[in-house]
Amino acid sequence: MSPRRTSRTPHEVPAEELTGLNAIEDEGTWAVGGRRLRVTNANKVLFPGTDTEPPVTKRDLIRYYTRIAPYLLPYLTGRPVNVHRYPDGVHHPGFWHKEVPGHAPDWLNRWHNTEADPGETRCYAVLDSVPALAWMANFAGVELHPWTSRLPDVHQPTWALIDIDPGPDTRFEEVAELARLYRAALEHLAVAGMPKVTGRRGIQIWVPIAPGYTFADTRAWVEKVSRVVGRIVPELVSWQWYKDRRRGRARLDYTQNAINKTLVAPFSVRPAPGAPVSVPITWDELDDEDLRPDRWTLRTVGDRVRAAGDPLAGLIGLRQRLPEL
């Protein structure tokens with residue numbers, strides 16, 4: 001899954017290290033990225049299969065996160081991460097895990113939240129290397145949700161996030177229609193952004209921003225754009241907070257623009273049969289009749305990135321000012 005270059009790229013794992021992972025029977029020590037990692041229950045099924053995909057084991061998850069690292073790590077490095085763990089597999093209830101456990105290796109980078117109130121998470125993992133990704137996958141960390149802000153200033157976002165959250169009655173064709181309306185709005189405003197399918201049912205749009213904005217700024221800006229989009233197709237949109245009051249309609253969620261509110265990372269796996277993946281797409285792909293939010297899986301996304309790369313990568317770190325609305 002490495003980018004198309006003639007030499008090995010940062011975070012790309014050599015083939016002999018992947019061979020070492022394959023050689024582990026069910027438990028053992030794996031040498032990866034200059035670290036030694038204890039792999040446990042490698043053959044445990046974490047994702048049921050589908051009609052077209054076989055079951056996915058923990059070994060498969062570790063291998064995937066190891067191989068996708070050149071694409072995934074740019075969205076994680078320097079950021080605290082909230083993790084959705086499924087130690088019993090995604091066919092059982094999972095739970096959010098934020099606090100770094102005491103048994104985590106010393107080399108795992110951490111961020112200590114000195115502003116944490118009693119009962120809040122005080123020590124977050126910062127996943128900035130292949131071994132860190134592999135350790136988290138072995139910890140059954142399926143979903144990776146990086147903070148919108150980077151260290152050291154966690155109060156300053158680097159992305160403005162648009163989340164098209166479908167309701168029970170929302171068809172994906174309608175989600176794509178809403179995304180195309182955002183495309184038109186951002187084009188009109190001369191603002192760069194890029195969509196990604198969530199791997200579940202929705203589409204999210206990530207807009208890079210310059211330093212200096214607060215979360216209140218980004219939340220207010222995304223709300224204003226979203227209100228305009230919602231007025232165009234009011235039959236598709238509800239502004240109700242509670243799902244049971246939305247009458248099955250989609251919500252254009254601007255409230256994720258807040259500290260410690262997160263969206264799933266590009267190239268993160270999602271907890272569903274077959275291990276679907278959240279994948280950045282181009283604006284033109286919104287017009288593809290074959291597009292589906294869970295089109296790519298842990299096993300197929302490699303072909304995708306080899307052919308198309310990452311359409312969102314060019315916006316990472318873009319110092320973009322948001323126009324007044």
Side-chain angles (χ1 to χ4, degrees), residues 40-41 44-48 50 53 55-66 68-69 71-73 75-77 79-101 103-104 108-111 113 116 119-128 132-149 154 159 161 163-166 196-204 206 243 251 253 255-280 293-294 296-298 301:
T40 59
N41 300 313
K44 186 173 186 176
V45 171
L46 294 184
F47 301 79
T50 66
E53 296 275 354
V56 173
T57 66
K58 185 193 282 191
R59 187 197 314 271
D60 296 326
L61 182 68
I62 296 171
R63 182 188 302 111
Y64 168 73
Y65 274 134
T66 300
I68 203 66
Y71 295 95
L72 173 58
L73 283 174
Y75 299 102
L76 301 179
T77 298
R79 302 175 190 272
V81 64
N82 301 339
V83 181
H84 212 178
R85 291 184 60 221
Y86 291 84
D88 295 319
V90 304
H91 42 302
H92 296 283
F95 53 90
W96 287 102
H97 195 129
K98 301 178 183 180
E99 190 80 35
V100 175
H103 60 76
L108 181 73
N109 278 344
R110 298 157 167 83
W111 172 64
N113 182 12
E120 291 185 335
T121 303
R122 294 184 175 275
C123 182
Y124 288 82
V126 179
L127 304 180
D128 55 5
L133 282 177
W135 176 84
M136 186 60 76
N138 185 67
F139 195 43
V142 169
E143 280 191 322
L144 308 178
H145 289 239
W147 284 29
T148 315
S149 51
V154 294
W159 297 96
L161 303 177
D163 185 14
I164 304 173
D165 183 14
K196 71 179 180 71
V197 292
T198 63
R200 299 301 295 269
R201 298 185 61 230
I203 291 175
Q204 299 161 354
W206 288 38
K243 289 187 177 181
R251 185 168 188 266
D253 191 359
T255 62
Q256 294 300 106
N257 293 281
I259 194 168
N260 204 0
K261 293 281 189 178
T262 57
L263 295 181
V264 68
F267 303 108
S268 173
V269 181
R270 305 307 304 275
V277 173
S278 182
V279 178
D294 56 355
W296 295 282
T297 70
L298 171 151
V301 74

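All residue numbers refer to positions in the sequence shown, counting from 1. Keep in mind that what you see is a predicted model, and the values were worked out from it rather than measured.
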Closest non-hydrogen atom pair, [X] against [Y]:
| X | Y | answer |
| --- | --- | --- |
| Thr262 | Gln256 | O-NE2, 2.8 Å |
| Pro276 | Ala272 | CD-O, 3.4 Å |
| Val100 | Ala104 | CG1-CB, 3.5 Å |
| Ala69 | Leu133 | CB-CD1, 3.8 Å |
| Val81 | Pro146 | CG2-N, 4.1 Å |
| Pro101 | Phe139 | CG-CZ, 3.7 Å |

With the side chain counted from C-beta on, respond yes when [X] and [Y] share a heavy-atom pair under 4.5 Å apart, and no when they do not.
| X | Y | answer |
| --- | --- | --- |
| Arg85 | Phe95 | yes |
| Arg200 | Ser278 | no |
| Thr198 | Arg270 | yes |
| Leu298 | Arg63 | no |
| Val142 | Ser268 | no |
| Asn260 | Lys98 | yes |
| Leu127 | Leu108 | yes |
| Leu144 | Leu72 | yes |

Have a look at Phe267 and tell me which of Trp296, Tyr64, Tyr65 forms a side chain to side chain contact (heavy atoms under 4.5 Å, CB included) with it.
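Per the side chain to side chain contact (heavy atoms under 4.5 Å, CB included) rule, the option paired with Phe267 is Tyr64, out of Trp296, Tyr64, Tyr65.
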Salt bridge (Lys or Arg N to Asp or Glu O under 4.0 Å) against Arg122, all qualifying residues, sequence neighbours excluded:
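With sequence neighbours excluded, Arg122 shows a salt bridge (Lys or Arg N to Asp or Glu O under 4.0 Å) to no residue whatsoever.
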Donor on one side chain, acceptor on other, Trp147 and Asn82, under 3.5 Å:
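The answer is yes; a qualifying pair exists.
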With no hydrogens and no angle check, just 3.5 Å: does a side-chain donor-acceptor pair link Gln204 and Lys196?
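Side chains of Gln204 and Lys196: pair found under 3.5 Å.
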Could you list the residues that satisfy side-chain contact (heavy atoms from CB on, under 4.5 Å) with Asn113, not counting sequence neighbours?
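Only Trp111, Glu115, Ala116, Tyr124 meet the side-chain contact (heavy atoms from CB on, under 4.5 Å) criterion with Asn113.
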I'd like to know whether Val269 forms a side chain to side chain contact (heavy atoms under 4.5 Å, CB included) with Phe47, so could you lay out the CA-CA distance, the side-chain angles of the two residues, the decisive distance to 0.1 Å, and finally the verdict.
CA-CA 11 Å; Val269 181; Phe47 301 79; 3.5 Å; yes
Side chain of [X], backbone of [Y]: donor and acceptor closer than 3.5 Å?
| X | Y | answer |
| --- | --- | --- |
| Glu143 | Val83 | no |
| His97 | Glu99 | yes |
| Lys58 | Leu46 | no |
| Lys44 | Pro87 | yes |

As an exercise, state the distance from CG of Asp165 to OG1 of Thr255, rounded to the nearest 0.5 Å.
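Interatomic distance, Asp165 CG to Thr255 OG1, rounded to 0.5 Å: 9.5 Å.
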With rounding to the nearest 0.5 angstrom, report the CG to CG distance, Asp253 to Leu263.
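Between Asp253 CG and Leu263 CG, I get 8.0 Å after rounding to 0.5 Å.
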Relative to the ring of Trp206, is the ring of Tyr75 parallel (under 30°), tilted (30 to 60°) or perpendicular (over 60°)?
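Aromatic pair Tyr75/Trp206 classed perpendicular.
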Assess the residue pair Ile62 and Thr57 against the criterion (side chain to side chain contact (heavy atoms under 4.5 Å, CB included)); give the C-alpha distance rounded to whole Å, side-chain angles, the decisive distance to 0.1 Å, and a yes or no.
CA-CA 9 Å; Ile62 296 171; Thr57 66; over 6 Å; no
